Structure formats: C-alpha cells, structure tokens
S.K.: 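Pasting a structure here, questions to come.
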Amino acid sequence: MSPRMQQTVLYESSLKIIDRLANWAVNPWRRYSLLIIIFLIGFFLGSSLGMINGVLALMDPIGALITLIFLELLIKARFFSLKSKKPIIVIRIFDMLRIGITYGLFSEGLKLL
C-alpha cells in the first residue's frame with residue numbers, strides 16, 4: 001500500500017484546480033473544445049518532435065526512446081488517476097494528449113514515404 005500524500009498547500013491547490021476544471025467542463029461544448037485544444041497541442045508536439053529529429057538526424061533512436069517513455073508515463077498517469085478517483089476530465093485530457101502526439105508522429109512518418 002502506498003503512503004498517502006501530505007496535505008501541503010501545493011497539493012491542496014492542485015486538487016482545487018482539478019475540481020474547478022471538472023466543474024467548468026460540465027458543459028459539453030466547453031469539454032469538447034478543451035479536448036480538441038489538448039488534441040491539437042499534442043499533435044503540434046508530435047509533429048515538432050518528428051521535425052526536430054528529422055532535421056538533426058543525429059538522435060533518432062534517443063528521441064524515439066524519450067517519446068516512448070513520455071507516452072508510457074501518460075498511460076501510467078491515466079491508471080493512477082483512475083485509482084485515485086479524480087474527475088474523468090483529467091483522464092480524457094491524458095488520453096487526448098497521447099492520441100495527439102501519436103497522430104502527429106504518424107503524420108510526420110507518412111511525409112517521409
């Protein structure tokens with residue numbers, strides 16, 4: 001069993017921010033617009049990673065490893081959020097960011113064909 005987090009000011013304020021975001025995203029239009037923005041940010045990050053690695057052509061395996069580790073950390077954060085009973089909007093944000101990064105990397109890969 002993992003120890004509980006200490007009730008610091010930073011921890012309490014992060015919980016308040018997550019709760020405010022969940023309350024704000026109750027409206028479907030706000031929720032969908034937030035998820036689309038997060039997806040586009042992920043797409044931008046994915047395509048930027050592909051372009052930077054393509055231009056430098058020095059660290060392709062290292063860039064792929066760092067990207068893979070980041071995507072795996074997002075998956076672990078998703079399961080951690082499911083266990084900790086945080087609002088579902090946090091899980092959807094992680095998912096959309098992960099999907100956007102993957103889609104951006106695939107689109108950069110298809111440019112090379």
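Because the structure is a prediction, the values reported are computed rather than measured.
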S.K.: What's the spacing between Ile41 CD1 and Ser48 OG if we round to 0.5 Å?
M.R.: 11.5 Å
S.K.: Using residues 23-30 as the side-chain source, report each donor-acceptor pair under 3.5 Å to any protein atom, sequence neighbours left out, with the distance given to one decimal.
M.R.:
{"unit_1": "Asn23", "atom_1": "ND2", "unit_2": "Asp19", "atom_2": "O", "d": "3.3"}
{"unit_1": "Asn27", "atom_1": "OD1", "unit_2": "Trp29", "atom_2": "N", "d": "3.2"}

S.K.: With rounding to the nearest 0.5 Å, note down the distance linking CD1 in Ile38 to CZ in Phe94.
M.R.: 10.0 Å
S.K.: Tell me which pairs pass side chain to side chain donor-acceptor pair (under 3.5 Å) where either residue lies in residues 87-113, with sequence neighbours left out.
M.R.: Arg78-Asp95, Asp95-Arg98, Glu108-Lys111
S.K.: For the atom pair CG (Leu45) and CG (Leu105), what is the distance rounded to the nearest 0.5 Å?
M.R.: 9.5 Å
S.K.: Which atom pair, heavy atoms only, marks the closest approach of Ile101 to Thr67?
M.R.: CG2-CG2, 4.4 Å
S.K.: Could you tell me the separation between the CD1 atom of Ile75 and the CZ atom of Phe70, rounded to the nearest 0.5 Å?
M.R.: 11.0 Å
S.K.: About how many Å separate CG of Leu49 and CZ of Phe44, when rounded to the nearest 0.5 Å?
M.R.: 10.0 Å
S.K.: Is there a path of hydrophobic side-chain contacts, each under 4.5 Å between heavy atoms of I/L/V/M/F/W/Y residues, joining Ile89 to Tyr32?
M.R.: no
S.K.: Can you tell me how far CG of Leu74 sits from CE of Met96, rounded to the nearest 0.5 angstrom?
M.R.: 13.0 Å
S.K.: Is Leu71 linked to Met51 within one hydrophobic cluster, defined over Ile, Leu, Val, Met, Phe, Trp and Tyr using a side-chain heavy-atom separation of less than 4.5 Å?
M.R.: no
S.K.: By the rule that ILVMFWY residues connect when side-chain heavy atoms come within less than 4.5 angstrom, directly or transitively, which residues belong alongside Ile69?
M.R.: Leu65, Leu73
S.K.: Is there a side-chain contact between Ile93 and Leu34 (heavy atoms, below 4.5 Å)?
M.R.: yes
